[in-house]
Peer 1: 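Got a structure for you, written out below as structure tokens; questions coming shortly.
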Amino acid sequence: MDNGNANQAHRRAQFESSLLEQGLQLEYEQTGSLGFVKIYAPEEVLCRYCEIMKLRMPIKPLPNETIIEETDLIDDAKSWFIKLFNFAQLDKSKFVPKEYQLAAEYSRDKDYLFDTKDKNFFTTHIRVMIVNFVLERQCEGIQRLLAAGVYSAAYPLHDGTIKQKGCTRALLYEEWAKAKHWVKIQPLDTIREYFGINFALYFAWLGFYTYMLIPASIAGLITFFYGVITLSSNKLAEDACSEWAKDTIMCPQCDKTCDFWRLSETCLLTRVTHLFDNPAMLYFATFMSVWSVFYLELWKRKAAELSYRWGLVGWDRGCDHSRPQYLSALANTKLFKVKEKLNPVTRVKEPHVSFWKVRVPATFFSFSIVMLLTAMALAAVFAVVLYRMASITSTSLFGREVDSQTYKIFAIPAIAAGINLACILVLNYFYDWLAVYLTEMELLRTQAEFDDSLTLKVYLFQFINYYASIFYVAFLKGKFVGYPKKYNKILGFRQEECSPGGCLLELSIQLVIIMVGKQAIYTVMEMILPILYKSWALFRIHTGLKQKDPIAPRRQWIRDLKLLDWSARGLYDEYLEMVIQFGFITLFVVAFPLAPFFALANNVFEMRLDAAKFLRHYRRPVPRRARDIGIWGQILDALARISVTTNGFIIAFSSTFIPRLVYMSVVSPDHTDAGFLNHSLAYFDTKDFANGTAPLMTNFANVTTCRYTEYRNPPDHFEQPYKRPSIYWHILAVRLAFVVVFQNAISLMTMAVQWCLADKPRKLRDQIKREAFLTEELIIKREAERARRKLEEQGIYVHAMLRTIKDLRVKTASSYEIQITPNSLLTFNICGINMHFSKCFLNLIILIRFFSESRCYLSICDHA
């Protein structure tokens, strides 16, 4: 807290006064020119806000009661794997397994259910969450005060240092964040206690995703090594490297400046393409499509188990209170009318704006800007495509030594992919800032709604930014080129052509550079940027600290002040990086079967790198509740569904799988693919070049016929020269049929998987029902005990009352009157003496019985 001007001092005093009114305890510490306010929450405040925030807290267990102990096939498999991979288990002496406790929504009316006196009842992350809730909703709110410079920072304290033995932070850093423990499972319960449920869910999801990449990596390696083993028997490569290919002259790939070239130049390219484009590719695509569904369904089950274990069953995000930024925007606006509306979940009146007059126009404007920026991303991709087209035309400027298929297939796509990656990174930084501003305009009430809307905007942009160039190579490049007599041009440039072996190799190059390059750059940035930011923060802080105080650096709040602060987006960037990666290994995985393996290698270290980064360089975050990974789960599900279509189209239209299949079935006399390469090349008479398109200079003499990759009639066809032959339409029909069959087959498998794997395991559903039953039983028993104690107390009370009446009876007339008054008391009048008793059915029965036995007149009047 910097000592500022009088206005800031007044705002601080007002804010701290409101905190004291809420029952928080404040302690002040002055270190050099910096002042610190340490905030403590006593038990009464914790209990009150536990009820307001509807937190589920552990209740006192019933003796000799368990939830459920039966096991199923999946539990048996888990136990078997635990025994098999015992080396990956945590050290139980350091991470003591915590037994599950029954939990219920906290209520001070039922405080007898909760052991609030237990020192472990209010855990650290619960205390931090409650204090932050109070800070955000008092006066102006802590976030506005931080933005205005009234306070410099607000943060919960770390538990010691990373080298301090005995503290949770050091334990996590040594046993979890170190790369040498990459094979160990993660201590999710300890992560949840230290960082909160939202962070624990992120690491649980990342760990589960990483483990599920193991079978996908194995399948990809099998596909790749199958291509390596069968490389020598590949007929397409043999044809491309044969003497016949050396004598086969191909048509120029650009107008005027490009020369004819020999088919044998594609020898190396065809061999490399076989590593990915081989018969195992179809099985691998099928496996990955089913794998993605298995992964998502198993994660839903895992998330449900964690939600149950961490006390989030029955919690609804609609129970969240309004964002402070939302309330502030409504309080300061004069553009529209703000009304109050009853929240159907919390039953509390909250500010509300018109959905149709305010929210819809703001959302429409926001997403219109998103579409405009998405069009800009497409324009950047189109510019890179134009660069590729122009590069092919200008290869003669580099000399004939680079005018080869190797340069065109390897160098130009690699340079273009590098340019595209640079455009992606630059556009990302600009767009991220704008997306936050646009989302604030939508006036979203809860933090969950705000995060979901922001995520959707940014991911729509990132989807186009990262995948547009790959979609171009996979589905557009070489598909509408035309033929030498009539090329289809864009802005005067001829479109790019695929090599005779197809565009799959170029797609692989594009995928590798963007995917692996992005991962490498982000990894380096995650390692270097926190250190640079921390160094800058240290420089700024040391200018405000008096280094003469030797004790100051050893205080935890000063150590944490030197660390980096969490942005409002929290884990958003971490999720985005992994979801983009998931798109690479699902949407285009058949083009690069090694993608899951590279993703696995990256994630193994990404998990530990993130852990070390959070523990070492960042302040402790404020915990937040979450039942799952939110809208990211819906995005993953959409990617898995889209991937079935994209992989089907890549196999059908980008690879040579379908043309070779049709050739072996219909054309080849021995039903092999021998001669397929020659069959897939059409003939062109060089006399038919359009004006100004023939090569100006050529190293070939007397070229009368050249070949190009198309299915077209030869120039000497008696009816339709250069038109599509019937075999082309047969191949197209088979391609479309393959896509339909592939999609439907995967859909049936998906339905079977989803039918077999429910979102919640049967055992978990039974556990939830059993917990609800036991909690209800416990409440009934405790209420019965409470009522019994009250009856005993009332019995003593009534006995004293009757003895008083007996003493009065001998002195008074035998006439008594009982009145039931509006203040819920029984007024007992004996000769002008009024006696008030609680309006209790038991008291009334005892009085009636007393008067009947004493044969006195009794009248009961209701004056309410």
Side-chain angles (χ1 to χ4, degrees), residues 36 90-91 94-95 124-125 128 152-207 210 519-542 545 552-578 602-624:
F36 294 86
L90 293 169
D91 187 349
K94 297 178 180 179
F95 296 98
T124 303
H125 82 278
V128 172
S152 297
Y155 51 89
L157 296 181
H158 272 297
D159 180 25
T161 66
I162 58 175
K163 297 181 180 180
Q164 182 178 340
K165 294 184 178 181
C167 67
T168 306
R169 185 185 182 188
L171 176 63
L172 287 173
Y173 186 77
E174 291 295 330
E175 301 295 330
W176 171 49
K178 292 292 185 66
K180 64 182 180 181
H181 297 299
W182 65 271
V183 75
K184 297 285 187 180
I185 64 174
Q186 301 183 94
L188 295 179
D189 288 331
T190 308
I191 298 171
R192 173 240 181 180
E193 291 295 331
Y194 195 80
F195 287 112
I197 294 177
N198 55 334
F199 275 77
L201 270 176
Y202 165 72
F203 282 105
W205 172 76
L206 180 57
T210 303
Q519 290 182 349
I521 292 174
Y522 273 68
T523 301
V524 172
M525 290 172 62
E526 288 182 355
M527 293 174 63
I528 295 178
L529 288 183
I531 298 175
L532 296 178
Y533 290 151
K534 186 178 177 181
S535 300
W536 172 244
L538 284 172
F539 172 77
R540 294 178 59 192
I541 292 170
H542 282 306
L545 284 175
R554 293 198 293 268
R555 293 172 181 169
Q556 189 62 47
W557 49 88
I558 295 180
R559 292 194 191 101
D560 290 357
L561 180 62
K562 298 175 183 180
L563 301 178
L564 300 177
D565 191 17
W566 279 98
S567 66
R569 294 163 62 174
L571 291 167
Y572 172 82
D573 292 328
E574 313 300 332
Y575 273 116
L576 178 63
E577 182 182 355
M578 290 297 104
N602 175 81
N603 292 0
V604 166
F605 296 100
E606 176 76 19
M607 196 162 25
R608 309 299 168 172
L609 182 63
D610 285 345
K613 178 177 66 176
F614 297 159
L615 288 167
R616 189 183 185 106
H617 300 298
Y618 282 86
R619 295 169 186 161
R620 193 170 183 174
V622 175
R624 300 190 184 278

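All values derive from a computational prediction rather than experimental measurement.
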Peer 1: Checking R192 side chain against I197 main chain: does a donor-acceptor pair fall under 3.5 Å?
Peer 2: no
Peer 1: Roughly how far apart are D560 CG and W557 CH2, rounded to 0.5 Å?
Peer 2: 10.5 Å
Peer 1: Kindly give the heavy-atom pair with the smallest separation between M578 and W205, and that separation in Å.
Peer 2: CB-CH2, 3.4 Å
Peer 1: Which pair of non-hydrogen atoms, one from N603 and one from T210, has the smallest distance, and what is that distance?
Peer 2: CB-OG1, 3.3 Å
Peer 1: Can you tell me if R608 uses its side chain to pair, donor with acceptor, with the backbone of W176 under 3.5 Å?
Peer 2: yes
Peer 1: Is the closest side-chain heavy-atom distance between Y173 and K178 below 4.5 Å?
Peer 2: yes
Peer 1: Nearest 0.5 angstrom please: R555 CZ to L561 CG, how far?
Peer 2: 13.5 Å
Peer 1: With rounding to the nearest 0.5 angstrom, report the CZ to CG distance, R169 to D159.
Peer 2: 9.0 Å
Peer 1: Might you point out which heavy atoms bring G160 and C167 nearest each other, and give the distance in Å?
Peer 2: CA-SG, 4.2 Å
Peer 1: Taking the six-membered ring for Trp and the single ring otherwise, decide whether the centroids of W566 and F199 are under 6.0 Å apart.
Peer 2: yes
Peer 1: Any donor and acceptor pair, going by atom type alone, linking the side chain of H158 with main-chain N or O of R616 inside 3.5 Å?
Peer 2: no
Peer 1: Which residue in the set T190, I191, T124 passes side-chain contact (heavy atoms from CB on, under 4.5 Å) when paired with T168?
Peer 2: T190
Peer 1: First locate atom CZ of R619, then atom CG of L564, and finally report the distance between them rounded to the nearest 0.5 Å.
Peer 2: 8.0 Å
Peer 1: Would you give the length of the straight line joining atom CD of E577 to atom CG of D573, rounded to the nearest 0.5 angstrom?
Peer 2: 9.0 Å
Peer 1: Would you find a donor on one side and an acceptor on the other, under 3.5 Å apart, between the side chain of E574 and the backbone of D610?
Peer 2: no
Peer 1: Taking all atoms of both residues into account, what is the closest heavy-atom pair of I162 and L615, and its distance?
Peer 2: CG2-O, 3.9 Å
Peer 1: Kindly compute the distance separating CD (E193) from CG (L188), expressed to the nearest 0.5 Å.
Peer 2: 12.0 Å
Peer 1: Please check if the side chain of R559 supplies one atom and the backbone of L157 the other of a donor-acceptor pair under 3.5 Å.
Peer 2: no
Peer 1: Classify the ring geometry of F614 against Y618: parallel below 30°, tilted from 30° to 60°, perpendicular beyond 60°.
Peer 2: perpendicular
